[in-house]
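To find a chain, count down the sequence lines: A is the first, B the second, and so on, and within it residues start at 1.
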Protein chains: 2
Amino acid sequence: MKNILFDFISKYVSLTEDEMNAIGSADIFRSAKKGTILLKEGQRSKDSYFVLKGCIRTYYLLDSEEKTTAFYTEMEALTPPCVVNKTPSDYYVSCVEDTILTVSNSDMEAEINSKFPKFEIMCRMLSEELLAKHRIDFDAFKTSSPEQRYLNLLQSRPDLIQRVPQHQLASYLGIKPQSLSRLRARILEKKS
Amino acid sequence: MKNILFDFISKYVSLTEDEMNAIGSADIFRSAKKGTILLKEGQRSKDSYFVLKGCIRTYYLLDSEEKTTAFYTEMEALTPPCVVNKTPSDYYVSCVEDTILTVSNSDMEAEINSKFPKFEIMCRMLSEELLAKHRIDFDAFKTSSPEQRYLNLLQSRPDLIQRVPQHQLASYLGIKPQSLSRLRARILEKKS
DNA sequence: GCAAGTCGTTCACTTAAGTTAAGAAGAAAC
DNA sequence: GTTTCTTCTTAACTTAAGTGAACGACTTGC
């Protein structure tokens, strides 16, 4: 399991034995059952997550309705805005499936960053890369219709459509579950 | 003008006289007329931008139609995805108004970062902050209707609505200019 | 000063998403 | 094994965005 983490890190910096041991022995590996809530609205958490196996999602509770805005699967990292901004969280984070992940505190990260400048560099690279990717996703979302978004998702993350409930997918696509059903029926009809 | 840049930097790290001089004497300050295109689709640019005065926008050309996805005004920074990913740019960057900005090359930044670890830290903080902010914006976009988005924008960046042409605002809101006109008329009617 | 182009608005019509309600299929609870 | 809950789908109706066209107000260029 730890190998997944090291593989991920090695995309950015190369670690020495010592550094790998320091990370490997840190108490950050967790496993959580499907449905477990990792972060609640209003909490002041300092925890970041990195998914080793499984899937977690972020969602808002607006008008007592869940609005899912993101999914994180294998090899994806999430640092919630409340950690960066030191504010109470606006949203929930929960497990879509049984999930194995790392949970790391921002104080701990700050300490590691000051001890190993290598991590500072990795964090910068990772944030920059995520920001760039995120911008592209946002742009694609803005410039396309719900139907196009669904077709894009089918291309880019086909696994999500299988492993995630439709109503969560729908709000991820910015529409209601009924619209997603209809839209899927429409696409099937076009194909034939 | 340079003070704006230093004020911005000081939000993240404190600079020594030497460091300020190093930056101040760098040849990065530019001014560009309204309509100037800073980056074209297909270009392999390494330039990042920081707006000192004025406004720039990013837009895609899809089906020979401009799709504006972002505006950057005073004290805002843009590193296009093509710089991070070392790929040809998918979009254009152009000046909405006469603009004064800094244009800095990523090679130059890498050099500065390795010379002054302070900058590395600043870049990480900035990217993390931007990513968090961006996530919140994206989430707000996903979970709201065009009308709500317009009202949000009216709250959060009222200046944009004044300084930017309606048709650019419309595609920024993910709709057509006609829909924005209609939507505005609808809101006015509700108020009365 | 005039012509050409740009920009914003309005209108009529089409298309698709929101809403409300109902029902079928499957999973979880007892 | 039956009940209950959740999930997904379908349908009828409402609402709002997309489309195509037309018009007036403003620039921009000559």
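- One atom, NZ of B:K176, and another, P of D:dT19, lie 5 Å apart when rounded to the nearest Å.
- Residues meeting the salt bridge (Lys or Arg N to Asp or Glu O under 4.0 Å) test with A:K118, sequence neighbours left out: A:E19.
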Please list, for nucleotides 5-10 of chain C, all pairs of protein and nucleotide N/O atoms separated by less than 3.5 Å.
unit_1: C:dG8; atom_1: OP1; unit_2: B:Q166; atom_2: N; d: 2.8
unit_1: C:dG8; atom_1: OP2; unit_2: B:Q166; atom_2: N; d: 3.4
unit_1: C:dG8; atom_1: OP2; unit_2: B:H167; atom_2: N; d: 3.2
unit_1: C:dG8; atom_1: OP2; unit_2: B:H167; atom_2: ND1; d: 2.9
unit_1: C:dT9; atom_1: OP2; unit_2: B:S181; atom_2: OG; d: 2.7
unit_1: C:dT9; atom_1: O5'; unit_2: B:S181; atom_2: OG; d: 3.3

Below 3.5 Å is the cut-off: list the nitrogen or oxygen pairs between protein and nucleotides 24-27 of chain C, distance only.
none

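- For A:D47, the side-chain contact (heavy atoms from CB on, under 4.5 Å) partners are A:S45, A:Y49, A:V103, A:N105, not counting sequence neighbours.
- Evaluation of the side-chain hydrogen bond (donor to acceptor under 3.5 Å, both in side chains) rule for B:N21 yields no partner, not counting sequence neighbours.
- In this view, B:E66 and B:R57, B:Y59, B:L61 satisfy the side-chain contact (heavy atoms from CB on, under 4.5 Å) rule, not counting sequence neighbours.
- Following rounding to the nearest Å, A:I187 (CD1) and C:dT15 (P) show an atom-to-atom distance of 17 Å.
- Per the geometry, CG belonging to A:L183 stands 11 Å off P belonging to D:dT9, to the nearest Å.
- Applying the ring-ring contact (aromatic ring centres under 6.0 Å, His included) rule to B:Y12 yields the partners B:F8; only residues at least two apart in sequence or on another chain are considered.
- When side chains are defined from C-beta on, A:L15 counts as touching A:I9, because their heavy atoms get closer than 4.5 Å.
- A salt bridge is defined here as a Lys NZ or Arg NE, NH1 or NH2 lying under 4.0 Å from an Asp or Glu carboxylate O, and B:E128 with B:R124 meets this definition.
- In this pair, B:H134 and A:F138 present their aromatic rings perpendicular. The plane angle is above 60°, beyond the 30 to 60° band.
- Comparing the helix axis at one end of the helix from C:dG1-D:dC30 to C:dC30-D:dG1 with that at the other, each defined from 5 consecutive pairs, gives an inter-axis angle of 50° (nearest 10°).
- Across the protein-nucleic acid pair, A:I175 atom CD1 and D:dA16 atom P stand 18 Å apart, rounded to whole Å.
- A salt bridge is absent between B:K115 and B:E109: the closest approach of a Lys/Arg side-chain nitrogen to an acidic carboxylate oxygen does not fall below 4.0 angstrom.
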Listing time: all N or O pairs from protein to nucleotides 23-30 of chain D that are below 3.5 Å?
none

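- Every residue meeting the salt bridge (Lys or Arg N to Asp or Glu O under 4.0 Å) condition with B:K33, not counting sequence neighbours, appears here in chain and number order: B:D98.
- The CD atom of B:Q148 sits 11 Å away from the P atom of D:dA17 (whole-angstrom rounding).
- As a whole-Å value, the separation of A:E65 CD from D:dT6 C1' is 15 Å.
- Side-chain contact check for A:V96 versus A:I56: every heavy-atom pair is 4.5 Å or farther apart.
- For the pair A:R186 and C:dT15, the criterion of a side-chain N or O lying under 4.0 Å from OP1 or OP2 is not met.
- The shortest distance between side-chain heavy atoms of A:R30 and A:T102 does not fall below 4.5 Å.
- Legend: residues meeting salt bridge (Lys or Arg N to Asp or Glu O under 4.0 Å) with B:E97, ordered by chain and number and at least two apart, are B:R163.
- If you measure from atom CG of B:D63 to atom P of D:dT19, you get 10 Å, rounded to the nearest angstrom.
- With sequence neighbours excluded, no residue satisfies salt bridge (Lys or Arg N to Asp or Glu O under 4.0 Å) with A:K67.
- Separating the CD atom of B:E147 from the C1' atom of D:dT15 is a distance of 11 Å, rounded to the nearest angstrom.
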